[in-house]
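Just so you know, ligand 1 is whichever comes first in the structure, and atom 1 is the first atom listed for that ligand.
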Amino acid sequence: MDNKHALTDYAADTAVMNTYGRAEIAFVRGDGCWLESETHERYLDCASGIAVNTLGHSHPRLIAALQDQAGKLWHTSNLYRIPGQEAVAKKLASLSGLDQVFFCNSGAEATEAAVKIARRAAYEKGMADRTTILCATGAFHGRTLGMLAATDRPAFRTGFGPMPAGFAHVPFGNMNALRAAMGPHVAAVMIESVQGEGGAKQVPNDYLADARAAADEFGALLIADEVQAGIGRTGHLFSFEQSGIKPDIVALAKGLAGGFPVGAVIASQAVGAAMTPGTHGSTFGGNPLAMAAAAVVLDVLTEDGFMQDVRARAAYLDAALTDLQSVFPSAISEIRGRGFLRGICLAEGVDLMALVAALRDDHLLCVPAAENTLRLLPPLIISRDEIDILIAALHRQLGVA
Ligand SMILES: *Cc1c(COP(=O)(O)O)cnc(C)c1O
């Protein structure tokens with residue numbers, strides 16, 4: 001396939017380290033679901049900076065909040081009270097049904113802090129041997145050394161060993177396997193209810209409720225990694241909501257501040273109480289700029305009718321994807337995910353990277369994921385007309401794939 005925007009090995013002509021396969025496009029501005037390149041071409045953004053631009057680009061309320069805060073105060077450190085943190089923490093606690101929030105700057109920091117909090121909670125209860133974190137195969141929890149140990153993808157780990165101890169993996173979605181792995185050594189079970197990087201893969205219907213019951217039975221905690229699936233992406237503020245359960249610890253990042261770097265860990269009172277001054281920290285975590293942006297995202301998502309409207313538009317996308325599969329039954333093996341975290345699982349032999357590049361050449365941005373899955377992560381504000389544009393591009397490019 002002749003893609004004018006093929007991925008390039010750009011190390012030769014920039015000083016930026018060669019850790020990403022990047023497309024030869026640079027964007028100069030964004031507006032809603034659209035990005036404009038240096039050459040003034042417009043692209044429909046169904047990647048959202050990998051599930052980050054919750055409210056699209058240049059949302060007027062985000063711009064106003066950041067500009068206002070930028071003119072007042074950027075950073076003070078966590079040596080002093082930060083009113084913006086207290087406001088966002090209060091909102092996250094009440095929305096999640098949990099109690100306390102720790103702020104950091106990224107997803108890996110949030111999941112890593114979640115693990116630290118779970119272990120410390122066991123330690124404070126006199127169970128210092130309860131350290132193992134059970135994770136699922138196919139999971140992605142981040143790129144720090146700790147979170148690489150929680151992520152079982154060999155390609156991410158090669159050459160970075162030794163991996164920290166204290167993590168084990170159970171087959172994705174298999175409750176019997178999870179129960180069999182439980183025991184007095186397990187501090188927590190860490191779950192993405194929809195594996196994003198893993199291919200927009202949803203756990204089976206009762207899995208979260210059963211995992212909650214298993215954790216309770218064996219005295220372990222339940223960590224929900226909502227870094228990608230949280231903040232409205234699955235049609236609910238938190239993806240665990242639909243299962244009716246409450247985790248002990250929730251990790252958030254990507255979409256929380258709509259593009260400003262932030263991470264957060266929410267914990268129950270019982271668990272969070274294990275964390276006392278000096279046990280954990282972050283220089284930048286929860287700074288006033290990040291908090292100003294996060295406050296707007298949470299305000300917009302909790303406005304009357306906003307999430308209902310997201311679900312209605314997600315249902316419109318769902319119907320179109322079902323139709324797409326019926327038109328291309330030999331190219332599409334499965335439609336996955338929910339809300340605006342969707343995956344088109346391609347049949348063996350359909351070249352995912354070539355399709356992503358062809359769609360990009362057709363001015364549609366989406367994201368590859370594991371298991372030969374094309375991932376769609378549009379901003380939550382995508383309109384029906386824009387969904388039609390997305391679907392038309394998929395029809396065009398699957399037609400020649
Ligand atoms: C992206 C992601 C992370 C890591 O987030 P970073 O901000 O890249 O560190 C962790 N968990 C999940 C589920 C993710 O999708």
Lys/Arg-Asp/Glu bridge criterion (N-O < 4.0 Å) met for R375, E197: yes
Do the side chains of E41 and R360 get close enough for a salt bridge, i.e. N-O under 4.0 angstrom? no
Which residue holds the protein heavy atom closest to [atom], what is that atom called, and what is the gap in Å?
| atom | answer |
| --- | --- |
| atom 5 (O) of ligand 1 | G107 CA, 3.2 Å |
| atom 9 (O) of ligand 1 | A108 N, 2.8 Å |
| atom 1 (C) of ligand 1 | K254 NZ, 1.4 Å |

Heavy-atom distances under 4.0 Å are what count here, so tell me which part of [X] touches ligand 1: side chain, backbone, both or neither.
| X | answer |
| --- | --- |
| S106 | both |
| H141 | backbone |
| Q195 | neither |

Evaluation steps, side chain to side chain contact (heavy atoms under 4.5 Å, CB included), between V310 and M307: CA-CA 5 Å; V310 168; M307 287 312 305; 4.1 Å; yes
I'd like to check whether T111 has a polar contact with ligand 1, where a contact means an N/O of the residue lying under 3.5 Å from an N/O of the ligand. no
Does K246 count as lying over the ring of F240, i.e. NZ or CZ under 6.0 Å from the six-ring centre, within 45 degrees of the axis? no
Less than 6.0 angstrom from the centroid, inside 45 degrees of the normal: does R233 satisfy that with respect to the ring of F340? no
Considering all protein heavy atoms, does one lie under 4.0 Å from atom 7 (O) of ligand 1? yes
For a 4.5 angstrom cut-off between non-hydrogen side-chain atoms, does P368 reach M353? yes
